[in-house]
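Shown next, in structure tokens, is the structure this report addresses.
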Amino acid sequence: MKVLRVVLAIVIFTPILLFFIDFIDILPDSLSKLLQRQLMPAIFTGAVATIVIYFLLTLIFGRVYCSMICPAGILQDIFNRMACISKKKKNGKMRFHYHKPANWLRYVILGITAILAIFGITELCLLLDPYSNFGRIASNIFRPAAIWVNNIIAGILSSKGNYLLYNVSINIPAAALISAIIAFLTFAIMVYFRGRLFCNTICPVGALLSIVSRHSLFRISIDENTCNKCKSCERTCKAEAIDSKNMKVDMSNCVTCFNCTSSCNRNAIKYRFAPKAAFKKNNSTVASEVKAELMEQEISKNKFTESRRSFITTSAVVAGSVPLFVLAQKNNEDSTTGNRVPVTPPGSLSIERFKDLCTGCHICVVQCPTQILKPAGLGFGLGYMLKPHMSYEKNYCNYSCTVCSDVCPTDAIKPITAEEKKVTQIGIANFYIDKCIVKTEKKDCGACSEHCPSQAVHMIPYEGTLTIPKVEPELCVGCGGCESICPVRPDRAIVVIANATHQTAQLPHEEEARDIEVDDFGF
């Protein structure tokens, strides 16, 4: 069973990881279907069938999602394997032992996350969703590492006259890198000291599935007649779910990894179909367990009351400050554009909708062909932190490209066709004549007009033989072609200002074909 679990995990994890680090764009966009099958994106998109399937799988087999499907869970297993090898070299034994689950903590976190999400505040989802955290790690740590290795090999090959590989630039926004490092260290430290502690205390997906898994029909159980209480299973249980002293397994914590069954030399611990055990626990054993837990909580009430209050109070303060902070940021204007509203990708429909649905996994960022999608820091407020926006500093949005809408797993960017993309107005170019070199330096330019695919920017007479840009707002789609090419620095003379709600632009006028009679060679 462990071998099967490892094989399935590798089969699912490998294409997801490669899709995030694919910097030469050789993998098909259809791989994004694997991302849409993650539980949090499925909840955001209302994929009822996917959610029901995972709940049924959990009810039958336990938390197989956490051990075989979730990329963050599989990444933690990789960390755990590395830590096990390190520990074995030091003292020859594993690190884990049974811990009573901190149910109050994980279910409070789950409740707060769900309540805030219902009211459109998805910051906790962004910070705690295992898939999104994996996405940020893969996008901002693993992908740059792969590019760095590629560049080293490319340099070696080019020195020998082989140009099979080429250098790729690495550009990671500070906020994205910091968030990825924090997530990476959180996983690594928790795994090193307590195994799947993140999954069983902080992760809202793990908490949600634990409610179902405690009633699973297939479960890990200990044969009291065969077990000699050697604690081998307990030491290898990275979920710290096995109490070998009392010969019990907490199925709410168990992630069905089968490390325990493969470690037992006496075949005393098995994964078996035991509906009667689940039923018995639900009816006769639960009452006594609840009573014992209440007594334990009463004894330790003084110890934990203060920490509970602090946690809930802190969460409430953070949750309450989010809308205030966002509102304050909305009123803060930029000196150049007079606008602090981010330009969101075509298909996101509006800034508010995008903020509510985006969990900052950054798959659109790494898949964008022109690399104009950038994760935001705090420049657009706390409510937009780590979520992508259109940045036209070095490039622009291809007129007919729909990649970001094709790969988005949460429908924050809805799928659109190339035809719809050409009339989706995400913003409007604003021209600042006092910055234009035509006025300031009395020189011809017209670069913005030449790079406008929708004919929204065109040149009109200015002074003498000079011409100057003019913007037709109804034709502009906000692609950034004009802004990216403008030679004025540091503040450009033409800048795209976001539409809070996306509009529909007009298609450029097509001139009627004219029949011209040619009666000579033409010179």
Side-chain angles (χ1 to χ4, degrees), residues 38-44 54 58 62-63 65-67 69-80 83 95-96 98-118 121-138 141 178-214 237-241 250-257 304 307-319 322 359-361 382 385-386:
Q38 297 299 313
L39 188 52
M40 188 69 81
I43 292 173
F44 269 71
Y54 283 145
T58 305
R63 285 169 58 183
Y65 173 86
C66 298
S67 59
I69 301 173
C70 175
I74 299 170
L75 178 64
Q76 290 177 75
D77 286 347
I78 295 172
F79 288 163
N80 177 57
R95 317 179 307 285
F96 308 120
Y98 174 72
H99 282 88
K100 193 173 181 63
N103 287 331
W104 71 269
L105 176 60
R106 63 175 167 181
Y107 294 134
V108 165
I109 292 176
L110 173 62
I112 292 176
T113 303
I115 291 170
L116 291 179
I118 290 172
I121 303 174
T122 58
E123 279 65 37
L124 275 182
C125 293
L126 180 145
L127 294 175
L128 302 181
D129 172 31
Y131 157 72
S132 298
N133 275 291
F134 171 80
R136 289 190 287 273
I137 292 171
I141 296 179
I178 292 171
S179 70
I181 291 174
I182 291 173
F184 184 91
L185 292 179
T186 299
F187 285 160
I189 293 171
M190 285 188 166
V191 165
Y192 187 82
F193 290 103
R194 292 284 302 277
R196 285 294 194 99
L197 182 63
F198 176 87
C199 304
N200 287 330
T201 56
I202 299 176
C203 176
V205 173
L208 181 62
L209 293 178
S210 73
I211 298 172
V212 182
S213 67
R214 64 179 70 242
C237 179
K238 60 197 174 193
E240 300 184 323
D250 185 348
M251 287 304 294
S252 70
N253 267 12
C254 176
V255 293
T256 322
C257 67
F304 290 104
S307 61
R308 290 180 186 176
R309 287 177 179 172
S310 298
F311 174 79
I312 295 173
T313 302
T314 302
S315 301
V317 169
V318 172
V322 167
T359 59
C361 73
L382 183 62
M385 182 179 64
L386 299 179

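Just so you know, residue 1 is the first one in the sequence shown, and it goes up from there.
Scored by the salt bridge (Lys or Arg N to Asp or Glu O under 4.0 Å) test, Arg106 finds no partners at all (sequence neighbours excluded). A search for side chain to side chain donor-acceptor pair (under 3.5 Å) contacts involving Thr58 returns nothing, not counting sequence neighbours. Ile69 is linked by a side chain to side chain contact (heavy atoms under 4.5 Å, CB included) to Ile12, Gln38, Tyr54, Tyr65, counting only residues two or more places apart in sequence or in another chain. Not counting sequence neighbours, the partners of Ile74 by the side chain to side chain contact (heavy atoms under 4.5 Å, CB included) test are Ala9, Phe13. The ring-ring contact (aromatic ring centres under 6.0 Å, His included) search around Phe44 returns none, not counting sequence neighbours. A search for side chain to side chain contact (heavy atoms under 4.5 Å, CB included) contacts involving Ile202 returns Leu128, Met190, Phe198, not counting sequence neighbours. A search for side chain to side chain contact (heavy atoms under 4.5 Å, CB included) contacts involving Asp129 returns Met40, Tyr131, Ser132, Val205, Thr359, not counting sequence neighbours.
Here the straight-line distance linking atom CD1 of Ile43 with atom CG of Leu39 works out to 4.0 Å at 0.5 Å rounding. In this structure, OG1 in Thr113 is found 11.0 Å from CD1 in Ile118, a value given to the nearest 0.5 Å. Taking SG of Cys361 as the reference point, atom CD1 of Ile137 lies at 13.0 Å (rounded to 0.5 Å). The CG atom of Asp250 sits 13.0 Å away from atom NE2 of His99, with the distance rounded to the nearest 0.5 Å. A distance of 9.5 Å separates OG1 of Thr122 from CG of Leu127, quoted to the nearest 0.5 Å. To the nearest 0.5 angstrom, Ile189 atom CD1 is 11.5 Å from Leu197 atom CG.
Closest of all the heavy-atom pairs between Pro204 and Leu110 is O-CD1, 3.5 Å. Residues Leu209 and Cys66 come closest through the heavy atom pair CD1-SG, 4.0 Å. Residue Ala83 comes nearest to Tyr192 through the heavy atom pair CB-CD1, 3.8 Å, listed as atom of the first residue, atom of the second, then distance. Contact record, Thr256 with Ser67: O-OG, 3.3 Å, taken as the closest heavy-atom pair.
Residue pairs that meet the salt bridge (Lys or Arg N to Asp or Glu O under 4.0 Å) test with at least one member in residues 182-193, sequence neighbours left out, do not exist here. Here side chain to side chain donor-acceptor pair (under 3.5 Å) pairs that include residues 197-213, with residues two or more places apart or in two chains, are Arg63-Asn200, Tyr107-Ser210. Residue pairs meeting the salt bridge (Lys or Arg N to Asp or Glu O under 4.0 Å) criterion with at least one partner in residues 194-212, sequence neighbours excluded, are Asp77-Arg196, Arg194-Glu240.
By the 4.5 Å heavy-atom criterion applied to side chains, Cys70 and Pro130 are counted as neighbours.
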